Amino acid sequence: MTVVTRFAPSPTGTLHIGGARTALYCWLYARKTHGKFILRIEDTDTERSTQASTAAILDAMTWLGLHYDEGPYYQMDRLARYRAVIEQLLATGHAYRCYCSKERLDEMRTAQMAAKKKPRYDGRCRAGGVPTGVDPTAPHVIRFANPQSGEVVFEDLVRGQLVFANQELDDLVLIRTDGIPTYNFGVVIDDWDMGITHVVRGDDHINNTPRQINILRALGASPPHYAHVSMILGKDGKRLSKRHGAVGVMQFREEGYLPEALLNCLVRLGWSHGDQEIFSITEMIQHFEIAHLQRAPAAFNAEKLDWLNQHYMKQGDRAKVAAELAWHFERVGIEVKNGPALVDIIDAQAERCKTLVEMVQKSGYFYTDTVTYAAAAVKKNLTADVLPHLAHLRAALAALPQWEKSAIHAVIEQVATTADVKMGKVAQPLRVAVTGDTVSPPIDVTLVLLGKARTLARLDAVLHPDFLEKNHNC
Ligand code: GLU
């Protein structure tokens, strides 16, 4: 049997991390088993679905690298197919037309609630035919004739055996008055037609599963395997929502996280392999087992994501990290063509940054012609007494035949020795002079990355008689 999984988002918003985790599990299982992963857009909620949401979901899937083997399929392209199946269900008595008005249904619901009963359709139209006085062409829905006795039993791959009494299940609407299928009907036909073998989805769908199984059985189809994954909670134990900060996948991108870090963080929310925390994509594929998904809800841990992000900035595929860093520089309008290679920036800065956004904030001076000076740093470090050291440095650096780390280091050391001051007394003013502030990679590394021309130009600017006057008063 070839495994076929699917991710079936409704395009009513961006891709959230809960959805992304479901997609990841489906994708991993398909990859692990050399099966197929399908993307299906469930766009039958025409009021809430938007093309912008579809585009946002597709972008997020691409950014995460969750490539699908088939799709995206769109349910709204398949209306004729749902029509054909409904005819079959009507013909076999598994579905019926329901002409009950909204008013009647509302009244019934109110009465049931008042009587403390579970609201459900009372089956008035189930016997078939058009109620007296009703025009047969009048708007109507098509309902499923759910079995009225017995149970639906299925083996959930995460939760074990689950049992639902048919009496608890309603005669649910399959096709609305506008001819569009409801979620439960569309999902069943698609899972069936697309040969889905494993449905992995959020446990908010658990109550839909027995209904879907009944529809499949009415069609003579065998149900797929189901795995309902637990929800993701915030640190406070409440369901993760915007209140907790970023929840959209692309928001994490904008905040400077790498896809590998987010995936690694997500895979561990509800799944484990011993006590391993760091998983390359290959390892995830290798070790992933549906049987190891946890029942208990998992809490999202932002600090862990930071930690993983730093790990992947330091150890991830440098070309990929650089491509992502380039995207961040571009977003803030910094041109990186005329400056150090991004991989070198990553090597120098990853140690002191948690996100790529932070890396950009701390690295702009490598690419710009002018430096923004932090007033406090200038005041403290670029005092009149250190200017002679800087002048000395400027001359010695200018004379260097090779612009490389050890030679630069030796020059700084020698200037300090000559002036009989500690190396920091030279290095720190130099740092402020060339970067504008007091924090940067080691000074020799900083100068190498900056290049000779920029370094000398910045020293010249600081040594200009106007500089101190201008910057000390700011
Ligand atoms: N469109 C449904 C959702 O976004 C999919 C549920 C399922 O996977 O069956 O919740």
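Just so you know, these numbers use all the heavy atoms, side chains as well, and skip hydrogens, waters and symmetry mates. What you see is a predicted model; the values in this text were computed from it and never measured. Whatever order the structure lists them in is the order used to number ligands and atoms, beginning at 1.
- Here the side chain of E87 pairs no donor or acceptor atom with the backbone of A84 at under 3.5 angstrom.
- Cation-pi geometry between R143 and Y121 is met: under 6.0 angstrom from the ring centre, within 45 degrees of the axis.
- Looking only at distances, a side-chain donor or acceptor of R352 sits under 3.5 Å from a matching main-chain atom of A348.
- Taking the six-membered ring where the residue is Trp, H94 and F144 present parallel rings, their angle staying beneath 30° rather than reaching 60°.
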Note to self: I'd like to know whether W307 forms a ring-ring contact (aromatic ring centres under 6.0 Å, His included) with Y312, so could you lay out the CA-CA distance, the side-chain angles of the two residues, the decisive distance to 0.1 Å, and finally the verdict.
What the structure shows: CA-CA 9 Å; W307 174 72; Y312 285 101; 9.1 Å; no

Starting from the N and O atoms of ligand 1, find every protein N or O within less than 3.5 Å and list the pair with its distance.
from     : atom 1 : to   : atom 2 : distance (Å)
ligand 1 : 1 (N)  : A8   : O      : 2.8
ligand 1 : 1 (N)  : S10  : OG     : 2.8
ligand 1 : 1 (N)  : E42  : OE1    : 2.6
ligand 1 : 4 (O)  : S10  : N      : 3.4
ligand 1 : 4 (O)  : S10  : OG     : 3.3
ligand 1 : 8 (O)  : R6   : NH1    : 2.6
ligand 1 : 8 (O)  : R6   : NH2    : 3.4
ligand 1 : 9 (O)  : R6   : NH2    : 2.9
ligand 1 : 9 (O)  : Y183 : OH     : 2.7
ligand 1 : 9 (O)  : R201 : NH1    : 2.8
ligand 1 : 10 (O) : H205 : NE2    : 2.8

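- Although no hydrogens or angles enter the test, the distance criterion places a donor-acceptor pair under 3.5 Å between the side chain of N309 and the main chain of K354.
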